[in-house]
There are 2 protein chains.
Amino acid sequence: MRDRSAAPVARAGRSPASASLDLIVCCSDGRHLAALVVVPLRGAATLPWALLEDGAGHEAAAQRLAREHLGRAPAWLAPLGVAGEGRRHPSGAPLSLTWLALVPQGTPAPEGHAWVPVHAMPALPARQQPMVAAAVAALRDRMDLVPIAFRLLPPEFTLTELQQSYELLLGRRLHKASFRRALQAAYLVEPTDAWRSEGRGRPAQLFRYAPRRRRGHRRPVRFELLG
Amino acid sequence: MRDRSAAPVARAGRSPASASLDLIVCCSDGRHLAALVVVPLRGAATLPWALLEDGAGHEAAAQRLAREHLGRAPAWLAPLGVAGEGRRHPSGAPLSLTWLALVPQGTPAPEGHAWVPVHAMPALPARQQPMVAAAVAALRDRMDLVPIAFRLLPPEFTLTELQQSYELLLGRRLHKASFRRALQAAYLVEPTDAWRSEGRGRPAQLFRYAPRRRRGHRRPVRFELLG
DNA sequence: CCAAAAGTGTTGGTTCTACACCCATGG
DNA sequence: CCATGGGTGTAGAACCAACACTTTTGG
């Protein structure tokens, strides 16, 4: 089905690679954030990576890389960073591009891959070591500008799932009634006509992310986040 | 003193450039954000740029580029983006790296350069055209995580200047007493023993940015910024 | 009945912003 | 004097988080 050897988009040795591309794919397992690692038959685990001969189309390359390692397109894909300073890739690629992808909760890890909670990462190649933490920090930083919490869920989700997604990113528990009231006021979701019966209790209604125009909202001055 | 021809860090033609590097340098003129443009004797204006043979050390290269165009180190320097998709540099460099620098209000534009308000940019090369808007958006987005407003000021500044800096970034007027109360509560600045007499009225005390440890601050759920 | 989902009312706290006012100081 | 800087008190609005409660609906 897939080549387990982390199929580089460009093979080393043809022409000097201009950049290495590493991908952090994050997913929620319901309780924690997890990252996708490649677990080869022998040898150490790595994050998905590739070499680029030509940096042009590196976004497309990131997309391709994500597809190859997931079997599907990610729900979200964004550049995480560029590094030229740190340890470079063994191939000698002078630039290291990092991309961050999100997939919905429940996405299975393909053969040769595993979801590993981000707080329990195995030893990774030196270049990749700091990337997971950077990814988590970036997710937390951007979660109120970008619908991160929604991309960790399938297109249709229950409000309880959404709340858990937020709790996971914020790292603390939220109050159910308050969460829903605030969500209501923000016009971020719309109900579908589908319901999901979870076993016992009343079935949960499914919602989808459908932000509506928000009226003029002026941002307050926020000093507290600086330090 | 300086070479006006936008002294590329690596000259085209020696070996294929691996990346182009563009720099947006922003500064406040007290009323608006302005960006540094290179104004050649003949031809169109450009943003400072360079070609990199080797992406390694591109941060150092950005530093160097900023120094060359400013005559001094910027107060802040951060990567803004990587693009491989759009129009590429005429040299054929496959990757386009963009860095964003800030310098304090009052920094003079060297010979052959000019500060241009970001809302009135001249025609730039196609590749550079969207960069200024992206830079402004990035500044607004990150201003409450990173001390952007402070980097637009000299190390010592008056509270009125700081408030103007915030007003410029937020795009609206703030209330003086409230601004200062909030600033006080955030332990972000410390007074120096210097005062500056501005003409009439009581002299203003100078402050410096000196954030102190902020106690455990839990972030509220923010839905309002999504949409 | 019970469990879970969905939603209402309300309350207490904090934050944001504004208004009005104070004093200090240099020209 | 007056303009400006620095600061206090306070008030209203908005927001946040929690508690308690009701209603709905499947098992």
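Residue numbers start from 1 in every chain, and the chains themselves are labelled A, B, ... in the order their sequence lines are given, proteins ahead of strands. Because the structure is a prediction, the values reported are computed rather than measured.
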- Check whether any side-chain N or O of A:R172 sits under 3.5 Å from a backbone N or O of B:R219 as a donor-acceptor pair, and report yes or no. yes
- Which nucleotide sits closest to the side chain of B:A204: C:dC16, C:dA6, D:dG5? D:dG5
- Message: Which label fits A:F223 and B:Y166: parallel for a plane angle under 30°, tilted from 30 to 60°, or perpendicular past 60°?
- Response: perpendicular
- Query: Can you check the B:L162 CG to D:dG6 C1' distance for me, whole Å?
  - Reply: 14 Å
- Query: Does A:W76 reach the side chain of A:V146, with side-chain heavy atoms less than 4.5 Å apart?
  - Reply: yes
- Would you kindly give the CD-to-C1' distance between B:Q205 and D:dT4, to the nearest whole Å? 15 Å
- Query: What integer distance in Å separates A:R180:CZ from C:dA6:C1'?
  - Reply: 6 Å
- Task: Identify whether any heavy atom of A:A182 sits under 4.0 Å from a base atom; if not, whether one sits that close to sugar-phosphate; answer base, sugar-phosphate or nothing.
- Result: nothing
- Task: For the side chain of B:R202, starting at C-beta, report the closest nucleotide among C:dT17, D:dT4, D:dT23.
- Result: D:dT4
- Select from A:G201 and A:R181 the residue whose nearest nucleotide in DNA chain C is closer to the 5' end of that strand. A:G201
- Query: Just checking A:R196: base, sugar-phosphate only, or nothing, at a heavy-atom cut-off of under 4.0 Å?
  - Reply: nothing
- Message: Rounding to an integer number of Å, can you tell me how far A:Q163 CD sits from D:dA18 P?
- Response: 11 Å
- Note on the structure: The answer to which of B:R222 and B:E198 contacts DNA chain D further toward the 5' end, by nearest nucleotide, is B:E198
- Value in whole Å for how far the C1' atom of D:dA18 lies from CZ of A:F179: 16 Å
- Report the nucleotide, chosen from D:dC19, C:dC16, D:dG7, that has the shortest atom-to-atom distance to any side-chain atom of B:L159. D:dG7
- Item | Spacing between B:Q184 atom CD and D:dG5 atom C1', to the nearest angstrom | 14 Å
- Exam field: side chain A:H119 to backbone A:P117, donor-acceptor pair closer than 3.5 Å: no
- Task: Could you say whether A:P203 or B:T158 is positioned toward the 5' end of DNA chain D, judged by the nucleotide with the nearest heavy atom to each?
- Result: B:T158
- Query: Should the pair B:D141-A:R142 be classified as a salt bridge under the 4.0 Å nitrogen-to-oxygen rule?
  - Reply: no
- Message: Classify B:R172 by what it touches in the nucleic acid, base, sugar-phosphate, or nothing, heavy-atom distance under 4.0 Å.
- Response: sugar-phosphate
- Would you please confirm or rule out a distance under 4.0 Å between OP1 or OP2 of D:dG5 and any side-chain N or O of B:T160? yes
- Message: Base, sugar-phosphate or nothing for A:S197? Non-hydrogen atoms, less than 4.0 Å.
- Response: sugar-phosphate
- Atom-pair distance (NZ on A:K176; P on C:dA4), nearest Å: 10 Å
- Roughly, in whole Å, what's the span from NE2 in B:H175 to P in C:dC16? 15 Å
